[in-house]
**Q** 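Would you mind keeping the following structure in view while I ask a few things?
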Amino acid sequence: MDIKDRTAIVGIGQTRFGKGLPESELSLACQAISAALDDAGIAPREVDGLVMFSMENGREVEIARNLGLGAITYFGEVGYGGGAGCATVGHAAMAVATGQCRVAVAWRARKRSAKTSRPWANVGSRVSGSAQWTRPFGLLRPVDEIAMLTRRYMYEYGATRDHLANVALACRKHANRNPNATFYDRPLTREQYMSARWISEPLCLYDNCLETDGALAVVVTSAERARDAKQPPVYIHAFAQSIPPQCQPMTNYFCDDPLRGPAWDCARLLWSKSDFRPEDVRVAQIYDAFTPLILLSLEGYGFCKRGEAGPFTEGGALEWPDGRLPINTSGGGLSEAYVHGFNLILEGVRQMRGTSTCPVADSPCCLVTSGEGVPTSALLLRRAV
Amino acid sequence: MSEQWLLPDIEDADSAPFWEAAARGELVAQVCASCGRRRMPPRPMCPQCRSLEHRWETLSGRGTIWSFVTAHPPLLPAYEAVAPYNVIVVATREDPAVRFVGNLVESPEAPFYRTNLALLQIGAPVRVVFQEVCGVYLPRWMLETSERS
């Protein structure tokens with residue numbers, strides 16, 4: 001059975017973004033889901049499916065009680081942090097398509113702006129598991145883990161800091177058009193990028209995503225039911241997940257080919273399930289916790305050949321409106337908000353509805369990806385015709 | 001300050017023999033007793049033949065720098081106090097896919113955070129040294145020089 005175009009996203013909702021928001025994560029989740037249901041014109045009692053990140057603090061029973069949901073007949077969760085976003089929507093689509101539920105909600109709520117809430121700060125003095133091979137040597141943060149791959153990538157393929165800057169500047173330009181973006185009124189220049197302080201060389205401050213409090217949600221239902229919804233349906237055209245062989249999340253240095261990340265296998269399945277090819281895609285929302293993840297993903301998802309992502313970013317290729325592939329058209333994790341990549345999904349929906357603040361009119365579909373470097377997932381969303 | 005370093009759990013069932021060997025000054029890797037495939041990090045099962053039997057092979061302790069970073073704040077307090085410092089990944093001479101995360105040091109006793117960062121270079125040949133931190137012996141790496149020990 002194929003789920004191609006059998007389900008659609010009919011509602012999206014989000015809270016404001018900020019640092020140190022007073023509400024709890026549960027409250028933020030409820031607000032985002034409530035807004036998404038209103039957007040869809042669907043009553044809470046019609047919701048019978050819930051899918052969330054495994055790292056979510058507000059559990060299914062609390063979500064259902066607070067929102068006054070009906071009987072839930074499908075619930076599930078997806079792990080590995082930033083790799084989970086598209087998968088929560090994909091699982092919702094599979095559950096609806098196979099009749100396990102009729103209206104499913106997927107969401108992400110997160111409060112991470114306090115320094116003490118960062119997971120790398122909450123480790124004991126003795127570390128076990130895969131961390132024992134990295135943390136004692138001072139490889140502490142996700143940025144250090146990705147910087148190690150980036151240095152090797154630059155060495156092998158001649159990619160430069162200018163290529164990374166192309167990513168950061170494209171996202172910032174798009175955020176500067178989005179009033180909801182954290183950096184809406186803060187332009188970024190190449191000079192500022194090049195003179196920024198290091199975080200983990202070769203990555204500087206502007207290679208890192210924001211840390212944002214907020215929540216977002218989407219409502220998924222069948223293509224038939226979607227025809228009666230308030231909003232034009234955005235079809236879930238294709239969905240894929242991947243844990244590649246010998247994957248070690250974030251510190252994938254121990255396999256035969258560390259620069260071939262989870263995106264590659266995810267992309268292979270995604271395109272095999274799709275009517276579209278990479279050359280048909282004119283807009284994409286690509287997971288950007290760090291700028292080099294965009295380069296690795298452009299290769300993994302087939303927009304260019306291996307090692308060619310650096311030059312691919314040149315000449316404004318990633319920028320709206322004239323670039324070959326405008327990415328992260330709301331500003332992405334780098335400049336809109338970092339809510340574990342879930343904001344990329346909502347921007348994909350807005351692109352297909354035609355309501356983005358950087359609207360790309362001629363793309364029949366929008367690629368949305370989740371975290372590269374961890375077990376990952378991706379969606380291909382299709383415009384209603 | 002040293003009590004604030006993060007240290008490996010040396011009683012971890014899969015990796016304890018590695019840390020025991022490190023205390024003896026030996027760099028070892030797990031090898032499948034059935035098919036001979038090396039694996040890193042240590043684990044219960046061979047991904048090639050699913051054997052649960054393994055042995056530990058002593059490596060030459062030589063390799064090349066596969067990649068490196070220089071970490072700057074914000075960091076955990078002990079590490080922030082000595083930043084910027086280097087972290088490297090070393091590909092071993094025996095098997096370039098058997099890699100270790102470590103640090104480049106300038107002598108067997110020199111602190112990893114005092115290394116001249118200009119010495120870091122992908123492809124540079126290195127050899128292992130072991131440095132004791134609170135009873136744990138951590139593998140770190142020195143550049144190979146012409147006067148080989």
Side-chain angles (χ1 to χ4, degrees), chain A residues 115-116 118-156 196-205 207-208 211 245-248 250-259 290 292, chain B residues 3-15 18-19 39-43 47 65-80 82-91 95-103 112-113 117 120-123 133-134 136 138-141:
Chain A
K115 281 188 178 177
T116 51
R118 294 180 187 175
W120 55 266
N122 296 338
V123 288
S125 58
R126 292 281 171 156
V127 290
S128 56
S130 60
Q132 72 182 297
W133 306 106
T134 59
R135 296 282 187 269
F137 307 99
L139 201 75
L140 303 181
R141 307 159 296 182
V143 63
D144 302 311
E145 297 166 341
I146 295 302
M148 192 69 81
L149 287 177
T150 304
R151 174 91 65 181
R152 182 72 193 188
Y153 179 85
M154 291 169 136
Y155 171 83
E156 286 200 15
R197 62 187 171 91
W198 294 115
I199 302 297
S200 192
E201 289 180 56
L203 299 182
C204 72
L205 178 65
D207 293 307
N208 288 257
E211 283 289 2
Q246 299 298 307
C247 175
Q248 181 163 306
M250 297 302 286
T251 51
N252 201 27
Y253 316 135
F254 306 101
C255 61
D256 288 339
D257 188 357
L259 295 178
F290 308 103
Chain B
E3 63 275 14
Q4 296 169 30
W5 301 120
L6 298 179
L7 292 169
D9 171 13
I10 58 175
E11 292 170 11
D12 173 278
D14 289 322
S15 58
F18 178 91
W19 298 111
R39 58 191 194 240
M40 174 68 199
R43 67 190 90 161
I65 296 178
W66 183 83
S67 187
F68 63 94
V69 302
T70 307
H72 296 252
L75 290 153
L76 294 175
Y79 294 86
E80 180 149 320
V82 301
Y85 59 83
N86 80 87
V87 189
I88 65 176
V89 171
V90 173
D95 184 345
V98 171
R99 304 184 185 99
F100 292 91
V101 177
N103 311 99
F112 73 93
Y113 46 84
L117 299 173
L120 293 156
Q121 195 179 355
I122 289 180
V133 183
C134 300
V136 178
L138 296 176
R140 304 202 209 262
W141 304 81

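Note: hydrogens, waters and symmetry copies are ignored here, and every other heavy atom, side chains too, is used. Naming convention: chains lettered A, B, ... in sequence-line order (proteins, then strands); numbering from 1 in each chain.
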**Q** Grab the two heavy atoms, one from A:G129 and one from B:D12, that are nearest each other, plus how far apart they are.
**A** N-OD2, 4.1 Å

**Q** Counting distance only, does the side-chain N/O of B:S67 pair as donor-acceptor with the main-chain N or O of A:L149 below 3.5 Å?
**A** no

**Q** Examine whether an atom of A:P258 lies under 4.5 Å from a heavy atom of chain B, and if so say whether it belongs to the side chain, the backbone or both; otherwise answer neither.
**A** side chain

**Q** Please identify each residue that fulfils side chain to side chain contact (heavy atoms under 4.5 Å, CB included) with B:D95, with sequence neighbours left out.
**A** B:R38, B:T92, B:A97, B:V98

**Q** Ignoring hydrogens, what is the shortest heavy-atom contact between A:D144 and B:V69? Give both atom names and the distance.
**A** O-CG1, 3.9 Å

**Q** Given that the side chain runs from C-beta out, which part of B:F68 has a heavy atom under 4.5 Å from chain A: side chain, backbone, both or neither?
**A** both

**Q** Quick one: closest heavy-atom pair of B:P74 and A:I199, and the distance?
**A** CD-CD1, 4.3 Å

**Q** Looking at A:Q248, A:M154, A:Q246, A:R197, which one has more heavy-atom pairs under 4.5 Å with chain B than the rest?
**A** A:Q246

**Q** Kindly give the heavy-atom pair with the smallest separation between B:R99 and A:D256, and that separation in Å.
**A** NH2-O, 3.8 Å

**Q** Working to the nearest 0.5 angstrom, can you tell me the gap between A:L139 CG and B:N86 CG?
**A** 11.0 Å

**Q** Check the pair A:F254 / B:V101 against side-chain contact (heavy atoms from CB on, under 4.5 Å), numbers first and verdict last.
**A** CA-CA 10 Å; A:F254 306 101; B:V101 177; 4.3 Å; yes

**Q** Determine, stepwise, if the pair A:R126 / B:I10 fulfils side-chain contact (heavy atoms from CB on, under 4.5 Å).
**A** CA-CA 9 Å; A:R126 292 281 171 156; B:I10 58 175; 4.2 Å; yes

**Q** Go through the atoms of B:P139 and report whether side chain, backbone, both or neither lie under 4.5 Å from a heavy atom of chain A.
**A** both

**Q** Given that the side chain runs from C-beta out, which part of B:L117 has a heavy atom under 4.5 Å from chain A: side chain, backbone, both or neither?
**A** neither

**Q** Can you measure from CD (B:E80) to CG (A:L140) and round to the nearest 0.5 angstrom?
**A** 10.5 Å

**Q** Which heavy atom in B:A71 sits nearest to a heavy atom in A:R141, and how many Å separate them?
**A** CB-NH2, 3.9 Å

**Q** Please answer whether the main-chain N or O of B:W5 pairs with a side-chain N or O of A:R135 as donor and acceptor at a distance below 3.5 Å.
**A** no

**Q** Atom OG1 in A:T134, atom CG in B:L6: separation rounded to 0.5 Å?
**A** 9.0 Å

**Q** State the OG-CZ distance between A:S130 and B:R43, to the nearest 0.5 angstrom.
**A** 11.0 Å

**Q** Begin from the C-alpha positions of A:Q132 and B:D9 and carry the test side-chain contact (heavy atoms from CB on, under 4.5 Å) through to its verdict.
**A** CA-CA 7 Å; A:Q132 72 182 297; B:D9 171 13; 5.5 Å; no

**Q** Does anything in residues 136-155 of chain A pair up under ring-ring contact (aromatic ring centres under 6.0 Å, His included), and if so which pairs, sequence neighbours excluded?
**A** A:Y153-A:Y157

**Q** Which class fits the ring pair B:W66 and A:Y253: parallel under 30°, tilted 30 to 60°, perpendicular over 60°?
**A** tilted

